[in-house]
Amino acid sequence: MKVFSRLAVFAAGAGAATASAGAAWAGLGQPSPWQMDFQESASPVMTQIASFHFFLLWVIAAISAFVLGLLVIIIVRFNARANPVPSRTTHNTPIEIIWTIVPVIILAVIAVPSFRLLFVELAVPHPDLTVKATGKQWFWTYSYPDNGNFEFSSLMIPEKDLKPGQPRLLAVDNEMVVPVNKVVHVLVTGADVIHSFAVPSFGIRIDAIPGRMNDTWFKATTEGVFYGQCSELCGKDHSFMPIAIRVVSENDFNKWLDDAKKKYATDDSAAHDAVAQVRTPAVQ
Ligand SMILES: [Cu+2]
């Protein structure tokens with residue numbers, strides 16, 4: 001009985017968490033223990049992805065409940081004992097028309113918001129700034145082509161060097177920094193093999209392909225640090241090339257830009273490349 005009461009509490013908790021769009025158990029910008037849902041949204045695109053997801057969840061739940069209901073009716077009313085002489089009916093035109101048309105209507109109802117969301121994700125609004133992210137084995141470099149064109153590498157902080165508050169496998173030495181409430185156009189490419197640039201709280205994920213420039217965008221609505229990970233198997237250190245984006249006020253961003261222009265004036269990515277080569281022979 002104890003198990004059942006615990007299960008009931010768990011189910012109630014899960015229901016409450018789902019009802020509040022998962023806010024209770026989902027981290028903002030990073031995963032949280034016992035997370036049940038998406039990470040909390042910090043961009044208009046992710047908000048739309050989450051609401052489309054919950055809309056679909058209701059559609060799926062209704063269809064599943066309907067099918068389960070039909071099965072229960074058949075099992076109870078039409079088993080061999082309850083219904084010893086079965087009907088020999090093979091066709092019913094009205095029902096056949098209904099079970100063709102209703103699924104078409106359901107698919108159309110799903111398709112409209114689905115395509116609308118796809119266009120929102122793909123059509124980049126006029127950007128306030130552009131950042132180019134290049135996936136390498138196994139770290140990211142970021143450059144700011146319309147703000148001095150400096151470039152810097154972003155490497156994961158090893159577990160032994162983590163400071164309090166820095167999440168394991170996610171914190172990096174040099175974060176990508178962007179201003180809050182600005183449209184950031186992200187150019188994404190790969191330098192060696194295919195990587196993938198993904199930040200759950202912004203609802204972005206796009207492949208970083210050598211020889212090709214992909215692009216995506218986000219508008220961060222909250223200040224803070226938002227983490228993501230390479231999301232395309234790219235070699236032995238695939239799990240150790242996190243993405244960290246620090247969202248700051250416009251003032252702080254301009255201050256950071258001034259410092260960064262000096263700090264990264266000399267291209268240090270070549271040095272990092274050399275370090276990466278020594279540390280881990282590239283596997284193509
Ligand atoms: Cu990768």
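Worth knowing before you read on, the calculation uses all heavy atoms, side chains too, and leaves out hydrogens, waters and symmetry mates. Here the structure is a predicted model, which means the values were calculated and not measured. Just so you know, ligand 1 is whichever comes first in the structure, and atom 1 is the first atom listed for that ligand.
- When SD of M241 and ND1 of H195 are joined through the Cu ion (ligand 1), the resulting angle is 90° to the nearest 10°.
- If you look at W256 and Y144, their ring centroids are closer than 6.0 Å.
- Between the Cu ion (ligand 1) and S196 there is no N/O/S contact shorter than 2.8 Å.
- Under 2.8 Å from the Cu ion (ligand 1) lies an N/O/S atom of C230, whether from backbone or side chain.
- Counted by atom type alone, Y264 and N174 present one or more donor-acceptor pairs between their side chains at under 3.5 Å.
- Paired with L155 under the rule side-chain contact (heavy atoms from CB on, under 4.5 Å), one option of F139, W138, W140 passes, and it is F139.
- Using a cut-off of 4.0 Å between Lys/Arg side-chain N and Asp/Glu carboxylate O, D258 and K255 are scored as not salt-bridged.
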